[in-house]
2 protein chains.
Amino acid sequence: MVEAPRNTRQRRAVVAILDDLDGFASAQEIHDILKQRGESVGLSTVYRSLQVLAEAAEVDALRNADGEVLYRQCSAGHHHHLVCRACGRTVEVEGPTVERWADRIAEENGFRDVAHTLEIFGTCDRCTSNRDLP
Amino acid sequence: MVEAPRNTRQRRAVVAILDDLDGFASAQEIHDILKQRGESVGLSTVYRSLQVLAEAAEVDALRNADGEVLYRQCSAGHHHHLVCRACGRTVEVEGPTVERWADRIAEENGFRDVAHTLEIFGTCDRCTSNRDLP
DNA sequence: ACTCCGGTTGAGAATCATTGTCATGAGGAA
DNA sequence: TTCCTCATGACAATGATTCTCAACCGGAGT
Ligand SMILES: [Zn+2]
Ligand SMILES: [Zn+2]
Ligand SMILES: [Zn+2]
Ligand SMILES: [Zn+2]
């Protein structure tokens with residue numbers, strides 16, 4: 001059987017940040033927040049922790065327009081995201097018809113092992129009003 | 001006004017490759033193909049050409065699971081893609097309901113400047129049958 | 001509490017797609 | 001043809017992510 005991961009200070013710290021954060025954030029942002037809070041964790045470890053959590057489906061991961069990977073602790077089950085480009089604030093959304101549509105399209109064209117990516121990006125109301133402040 | 005881009009051998013060569021290719025390909029793959037055909041073009045130039053073409057919406061761009069950017073000469077108009085992970089073969093697909101759904105979701109949540117990404121990845125029938133050859 | 005083992009950490013190096021630099025080259029208008 | 005520019009390309013630089021590996025520490029057993 002598989003070994004359970006050890007309960008280390010670093011892993012707990014990363015999970016705690018994800019708990020607190022509302023939106024998606026990059027590994028480096030999480031690393032910075034940890035430094036600010038004085039619970040410093042090595043950058044490599046942050047990356048590793050997020051990888052493991054993502055593989056275990058404990059967190060969701062997506063790429064922003066710049067190709068950076070962002071992470072977020074989401075609710076369970078398949079869903080997609082409406083993400084603010086500026087602050088990362090996120091709304092989880094479901095599109096039952098899209099799921100079926102994607103699978104049907106793939107099926108009709110003889111594709112196997114199908115997966116799909118679907119994200120909506122925009123600027124949230126908060127960031128829209130804060131646009132031109134000193 | 002904007003200057004028209006110059007009609008150089010290199011730009012023509014890149015466009016010619018995109019014309020011939022059926023599926024999505026990375027800048028480096030296109031660079032390799034050019035080298036094979038003896039119409040060598042600098043890697044920087046390949047990247048620049050593809051960038052310009054993408055900004056002008058002459059080609060579509062997307063990221064594969066590894067985060068690499070792939071390019072393809074598509075038909076005009078907004079559409080999405082069913083892409084083979086193995087060979088890049090691509091089927092253009094349209095999802096009118098998805099478009100409306102995405103915009104409505106964003107609107108309902110007060111998001112502006114909305115864009116969305118939607119791609120379907122799988123293994124095409126050809127690559128499925130070629131799986132275990134010597 | 002003490003020991004020991006194997007998973008975990010982290011500073012730094014390595015990877016690698018992509019972008020920047022800048023001297024040289026070549027469109028194309030006159 | 002001349003000449004002004006933009007375009008090119010060899011090479012360096014960037015930057016997110018991954019790798020390395022010696023030191024570290026969680027936790028099971030005693
Ligand atoms: Zn999610
Ligand atoms: Zn925002
Ligand atoms: Zn397309
Ligand atoms: Zn669309």
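Chain letters run A, B, ... following the sequence lines, proteins first, then strands; residues in each count from 1.
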N/O-N/O pairs, protein side and nucleotides 27-30 of chain D side, under 3.5 Å:
{"from": "D/dG27", "atom 1": "OP1", "to": "A/N7", "atom 2": "N", "distance (Å)": "3.3"}

Distance in angstrom units between A/K35 NZ and C/dA11 C1', rounded: 13 Å
Same cluster for A/L70 and A/L21 if Ile/Leu/Val/Met/Phe/Trp/Tyr side chains link at under 4.5 Å? no
In whole angstroms, how far is the C1' atom of C/dA17 from the CZ atom of B/R63? 10 Å
Take atom CD1 of A/I30 and atom P of D/dA16, then tell me their distance rounded to the nearest Å. 14 Å
Identify, with sequence neighbours excluded, every residue that meets ring-ring contact (aromatic ring centres under 6.0 Å, His included) alongside A/F24. A/H81
Roughly how many Å is it from OH in A/Y71 to C1' in D/dA16, rounded to a whole number? 10 Å
Salt-bridge test for A/R85 and A/D66: reply yes if a basic N is under 4.0 Å from a carboxylate O, no otherwise. no
Less than 4.5 Å apart, any side-chain heavy atom of A/N7 and any of A/R12? yes
Is there a side-chain polar atom (N or O) of A/Q51 under 4.0 Å from OP1 or OP2 of D/dT17? no
Between C/dG7 (P) and A/R11 (CZ): distance, integer Å: 13 Å
Which whole-number value in Å describes the distance from A/L50 CG to C/dG10 C1'? 15 Å
Looking only at side-chain N and O atoms, does A/S44 come under 4.0 Å of OP1 or OP2 in C/dT9? no
Rounding to an integer number of Å, can you tell me how far B/D66 CG sits from D/dA16 C1'? 14 Å
Residue met sooner reading DNA chain C from 5', once B/S26 and A/S40 are mapped to nucleotides: A/S40
Name each donor-acceptor pair under 3.5 Å that joins a side chain in residues 100-108 of chain B to protein atoms two or more places apart or in another chain, with its distance.
{"from": "B/R104", "atom 1": "NH1", "to": "B/E108", "atom 2": "OE2", "distance (Å)": "3.1"}

For B/Q10 and C/dG27, is the shortest distance between a side-chain N/O and OP1 or OP2 below 4.0 Å? no
Is there, by distance only and without an angle test, a donor paired with an acceptor across the side chain of B/R48 and the base of D/dG9 below 3.5 Å? yes
Residues, nucleotides or ligands: over 12 heavy atoms within 6.0 Å of B/E94 CD: no
Is the phosphate of C/dT9, meaning OP1 or OP2, less than 4.0 Å from a side-chain N or O of A/R12? no
What pairs meet the ring pair (Phe, Tyr, Trp, His ring centres under 6.0 Å) rule with one or both residues in residues 31-73 of chain A, with sequence neighbours excluded? none
I'd like to know if the side chain of B/H116 reaches the main chain of B/V114, judged simply by a donor and an acceptor atom lying under 3.5 Å from each other, with no hydrogens or angles considered. no
Any side-chain heavy atom of A/D22 within less than 4.5 Å of one from A/T90? no
Counting only side-chain nitrogens and oxygens, does A/Y47 get under 4.0 Å of the OP1 or OP2 atom of D/dT18? no
Side chains of residues 35-46 of chain A: which donor-acceptor partners sit under 3.5 Å, not counting sequence neighbours?
{"from": "A/R37", "atom 1": "NH1", "to": "A/D20", "atom 2": "OD2", "distance (Å)": "3.0"}
{"from": "A/R37", "atom 1": "NH2", "to": "A/D20", "atom 2": "OD2", "distance (Å)": "3.0"}
{"from": "A/T45", "atom 1": "OG1", "to": "A/R48", "atom 2": "NH2", "distance (Å)": "3.4"}

Options D/dT17, C/dT18, C/dG10, nucleotide nearest the side-chain atoms of A/T45: C/dG10
Polar atom pairs between nucleotides 1-4 of chain C and protein, under 3.5 Å, N or O only, would you list them?
none

CG of B/L43 versus P of D/dT8: gap in Å, rounded? 13 Å
